[in-house]
Amino acid sequence: MKILFVLTSHDKLGDTGKKTGFWVEEFANPYYTLLDKGAEITLATPKGGAAPIDPSSDAPDASTADTERFNNDPVAQEKIKNTKVLADMNADDFDAVFYPGGHGPLWDLATDAQSKALIEKFNTQDKPIAFVCHAPAALKEVNGKDGNSIVKGKKVTGFTNTEEEAVQLTNVVPFLVEDMLQANGGIYSKKEDWAAYALQDGNLITGQNPASSELVAEKLLASLN
């Protein structure tokens, strides 16, 4: 199993002066779930080099067994500091692609031409494409095989408007994931805030929030076996 993880290069939280990036749990849980099953994982970002970690996801209250493992794993940390350049990645070389969330993707991956082309190619090849929390933002401009939005008529989930409200960033983010998925014709559903929830429709896998990263990883793994 060769799996490509695509992370954000964006580290500014709008005009707040605060930092953002990817959410550690949403990377760490799927990373170890897949790594422990023998997957070969490549990390890429739009700019290459160090992928920015959202400081909030590295705080004690966001700590999980997987984030602890990451914090004590020099190999994984080295990979995060030295990601490949997204433009150099080819879908032909991988069996699946996974996008961890965090607020960063709302600013860069949502409109990144390389990311868009890559997801479209994975989809054309019917390979699993998986996203969690804010990462479905990367589907904003992606088209399916029929030329319509890739989420049109598909069962999807992602970070909810009420969860965004709870973290008080509704007026900071460039768009709301829930609204975007619905506007693009997705059949959006969700559980209560912060509950683990993931959906699979064909090769498209989406998870609602950080708590859903394990479910997404399990669905991705099942798709590859």
Side-chain angles (χ1 to χ4, degrees), residues 3-14 16 18-35 39 41-86 89 96-112 114-116 118-119 129-140 158-159 163-164 167 169 172-175 177 194 198 205-217 220:
I3 303 171
L4 178 63
F5 276 40
V6 179
L7 297 94
T8 182
S9 287
H10 188 88
D11 70 351
K12 290 183 183 63
L13 192 58
T16 61
K18 293 179 180 166
K19 292 288 188 188
T20 189
F22 74 90
W23 200 261
V24 179
E25 160 66 13
E26 295 167 26
F27 161 77
N29 180 288
Y31 177 79
Y32 292 119
T33 299
L34 296 161
L35 189 75
I41 298 169
T42 300
L43 308 185
T45 54
K47 293 180 180 173
I53 290 174
D54 188 310
S56 302
S57 72
D58 207 18
D61 65 350
S63 176
T64 66
D66 295 298
T67 63
E68 288 298 312
R69 184 171 168 187
F70 172 71
N71 287 334
N72 293 298
D73 183 347
V75 175
Q77 290 187 13
E78 198 60 26
K79 280 188 174 182
I80 286 291
K81 285 176 191 152
N82 297 284
T83 66
K84 312 269 193 223
V85 177
L86 191 54
M89 298 296 104
V97 66
F98 169 69
Y99 282 63
H103 282 89
L106 294 168
W107 278 276
D108 63 352
L109 295 171
T111 54
D112 187 282
Q114 305 288 351
S115 173
K116 175 178 180 277
L118 193 73
I119 296 169
I129 51 177
F131 308 82
V132 67
C133 197
H134 285 91
L139 297 168
K140 187 170 186 273
F159 205 59
E163 286 168 331
E164 202 68 82
V167 296
L169 291 172
V172 173
V173 294
F175 62 91
V177 174
W194 317 115
I205 302 165
T206 49
Q208 181 177 320
N209 49 31
S212 312
S213 53
E214 186 167 9
L215 292 175
V216 170
L220 180 56

- Non-hydrogen atoms of S56 and D61 that approach each other most closely: O-OD1, 4.4 Å

- Nearest 0.5 Å please: distance from the CG atom of L13 over to the CH2 atom of W107. 5.0 Å

- Smallest heavy-atom separation, E25 atom then P210 atom, equals CG-O, 3.9 Å

- Can you check whether F22 reaches I80 side chain to side chain, under 4.5 Å on heavy atoms? yes

- W23 vs S213, side chain to side chain contact (heavy atoms under 4.5 Å, CB included): CA-CA, chis, key distance, verdict: CA-CA 10 Å; W23 200 261; S213 53; over 6 Å; no

- Message: Would you say that S115 contacts Y99 through its side chain, given a criterion of any heavy-atom pair below 4.5 Å between the two side chains?
- Response: yes

- Interatomic distance, E26 atom CD to T67 atom OG1 [nearest 0.5 angstrom]: 12.0 Å

- Message: Under the rule for side-chain contact (heavy atoms from CB on, under 4.5 Å), what residues qualify as partners of E164, not counting sequence neighbours?
- Response: H103, H134, F159, V167, L169, T170, V173, L176

- Item | Contact summary for A51 and T45, nearest pair of heavy atoms | CB-CG2, 3.8 Å

- Does W194 offer a backbone N or O that forms a donor-acceptor pair with the side chain of E163 under 3.5 Å? yes

- Item | Residue pair E68, S63: steps toward the side-chain hydrogen bond (donor to acceptor under 3.5 Å, both in side chains) verdict | CA-CA 7 Å; E68 288 298 312; S63 176; 2.8 Å; yes

- Side-chain donor or acceptor of N209 paired with backbone N/O of S212 under 3.5 Å: yes

- Item | Donor-acceptor contact below 3.5 Å, side chain T83 vs main chain G49 | yes

- Taking side chain as C-beta onward, heavy atoms only, is V132 less than 4.5 Å from F98? yes

- If you measure from CG on L220 to CZ on F131, what distance do you get to the nearest 0.5 Å? 10.5 Å

- Message: Distance check, rounded to the nearest 0.5 Å: Y31 atom OH versus L43 atom CG?
- Response: 6.5 Å

- Task: Check whether any side-chain heavy atom of V216 lies under 4.5 Å from a side-chain heavy atom of P30, and answer yes or no.
- Result: no

- Task: Answer yes or no: is there a side-chain heavy-atom contact under 4.5 Å between L118 and L4?
- Result: yes

- Reported OH-to-CD1 distance for the pair Y32 and I41, which is rounded to 0.5 angstrom: 9.5 Å

- Search all heavy atoms of P52 against all heavy atoms of D11 and return the closest pair with its distance. CB-CB, 3.6 Å

- Out of curiosity, D73 CG to K79 NZ, how far, rounded to the nearest 0.5 Å? 9.0 Å

- Item | Shortest non-hydrogen contact between P100 and A135, atoms and distance | O-CB, 3.5 Å

- Task: Check V24, D58, N29 against F70 for a side-chain contact (heavy atoms from CB on, under 4.5 Å) and give me the one that passes.
- Result: V24

- Query: How far apart are the closest heavy atoms of A137 and L106, and which atoms are they?
  - Reply: CB-CD2, 3.6 Å

- Polar side-chain atom of D108 near backbone of S9 as donor-acceptor pair, under 3.5 Å: yes

- Kindly write out the residues that satisfy salt bridge (charged side-chain N to carboxylate O under 4.0 Å, His left out) with K12, not counting sequence neighbours, or none if the list is empty. none

